[in-house]
Amino acid sequence: MRAVVWLVEGTWPACVDAVRVHAPHAREVVLLHVSGSEVPGVAHGAFAGLMGRGRAWEADPGDRVEALGDGSAAELLDAAADRLGRPCVREERAGRPEREVVAAAEGADLLVLARDGDRTRLGPHSLGPAARFIVDHAPCPVLLVWPGQAPDLGTIPPPPHHR
């Protein structure tokens, strides 16, 4: 079994714990982190707009933002690998997270991810746009976990009133 675990800041411990419980005998566990390109891109664009193209590129703040993101991703992957406590593959991708996760899950036997929406109630709003896309498009079974205690059943909205 090959399990891919999507790691996101704040929810990754629940995903690592879930793979330890639900796929303890997986032959391969891939810890996946995806860095979006939008923040460094905005910094590059703002700098170019303010300073003009082709001037003082050695001071472009977008490069520093990218380097900080790379360091943060490496730290997160290291922490997740330590928590997993077994050999694993660490994979870093860049791009649109939802598409990169789906692509990384190709050929996997299980994809583990955490809910990324409203964590105060059960229901469809507990999935944000990225997780919804991944659940709808994953090419393998998906284990969707709560990043903490799941809300109680009383948080389910009542059925619609029929007239």
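If you read the sequence from its start, that first residue is 1, and numbering goes on from there. Values below: every heavy atom of this structure, side chains too, minus hydrogens, waters and symmetry copies.
- For Thr11, there are no side-chain hydrogen bond (donor to acceptor under 3.5 Å, both in side chains) partners, not counting sequence neighbours.
- In this structure Arg119 satisfies the side-chain hydrogen bond (donor to acceptor under 3.5 Å, both in side chains) test with no other residue, sequence neighbours excluded.
- The list of ring-ring contact (aromatic ring centres under 6.0 Å, His included) pairs with a residue in residues 78-123, not counting sequence neighbours, is empty.
- Interatomic distance, CH2 of Trp6 versus CD of Glu100, reported as 11.5 Å (0.5 Å rounding).
- Residues Ala18 and Leu143 share a closest heavy-atom pair of CB-CD2, 4.0 Å.
- Under the 4.5 Å side-chain heavy-atom criterion for grouping Ile, Leu, Val, Met, Phe, Trp and Tyr, Val101 is not connected to Leu110 through any hydrophobic cluster.
- Distance alone, capped at 3.5 Å, is enough to place a donor-acceptor pair between the Asp109 side chain and the Arg2 backbone.
- Under the 4.5 Å side-chain contact rule for hydrophobic residues, Val16 and Leu77 share a cluster.
- Partners of Arg90 according to the salt bridge (charged side-chain N to carboxylate O under 4.0 Å, His left out) rule, which considers only residues two or more places apart in sequence or in another chain, are Asp78.
- Here salt bridge (Lys or Arg N to Asp or Glu O under 4.0 Å) pairs that include residues 79-89, with residues two or more places apart or in two chains, are Asp17-Arg83.
- Take His137 and apply the ring pair (Phe, Tyr, Trp, His ring centres under 6.0 Å) test, not counting sequence neighbours, and it matches Phe133.
- The list of salt bridge (Lys or Arg N to Asp or Glu O under 4.0 Å) pairs with a residue in residues 137-148, not counting sequence neighbours, is empty.
- Asp116 contributes a side-chain N or O that, together with a main-chain N or O of Ala131, makes up a donor-acceptor pair within less than 3.5 Å.
- Neither Val89 nor Leu84 shares a network with the other; the hydrophobic side chains, linked directly or stepwise wherever heavy atoms of I, L, V, M, F, W or Y lie under 4.5 Å apart, form separate groups for each.
- Screening residues 138-163 for ring-ring contact (aromatic ring centres under 6.0 Å, His included), with sequence neighbours left out, gives no hits.
- Placement of Leu127 and Val8 within a single hydrophobic cluster is found when ILVMFWY residues are connected by side-chain heavy-atom separations under 4.5 Å, directly or transitively.
- Residues satisfying the side chain to side chain contact (heavy atoms under 4.5 Å, CB included) test with Ala104, not counting sequence neighbours, are Leu32, Glu91, Arg93.
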Can you list, pair by pair, the side-chain donor-acceptor contacts under 3.5 Å of residues 147-155, counting residues two or more places apart and other chains?
residue	atom	partner	partner atom	Å
Asp152	OD1	Gly154	N	2.9
Thr155	OG1	Leu122	N	2.9
Thr155	OG1	Asp152	O	2.8

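- Residues Leu31 and Leu76 fall within the same hydrophobic cluster, defined by Ile, Leu, Val, Met, Phe, Trp and Tyr side chains chained together at heavy-atom separations under 4.5 Å.
- Glu92 and Ser35 make their closest contact through OE2-OG, 2.5 Å (heavy atoms, listed as atom of the first residue, atom of the second, distance).
- For residues 136-147, the pairs satisfying salt bridge (Lys or Arg N to Asp or Glu O under 4.0 Å) are Arg132-Asp136, with sequence neighbours left out.
- Considering every non-hydrogen atom in both Ala105 and Val4, the closest pair reads CA-CG2, 4.4 Å.
- Ala138 meets the side chain to side chain contact (heavy atoms under 4.5 Å, CB included) test with Leu111, Val142; sequence neighbours excluded.
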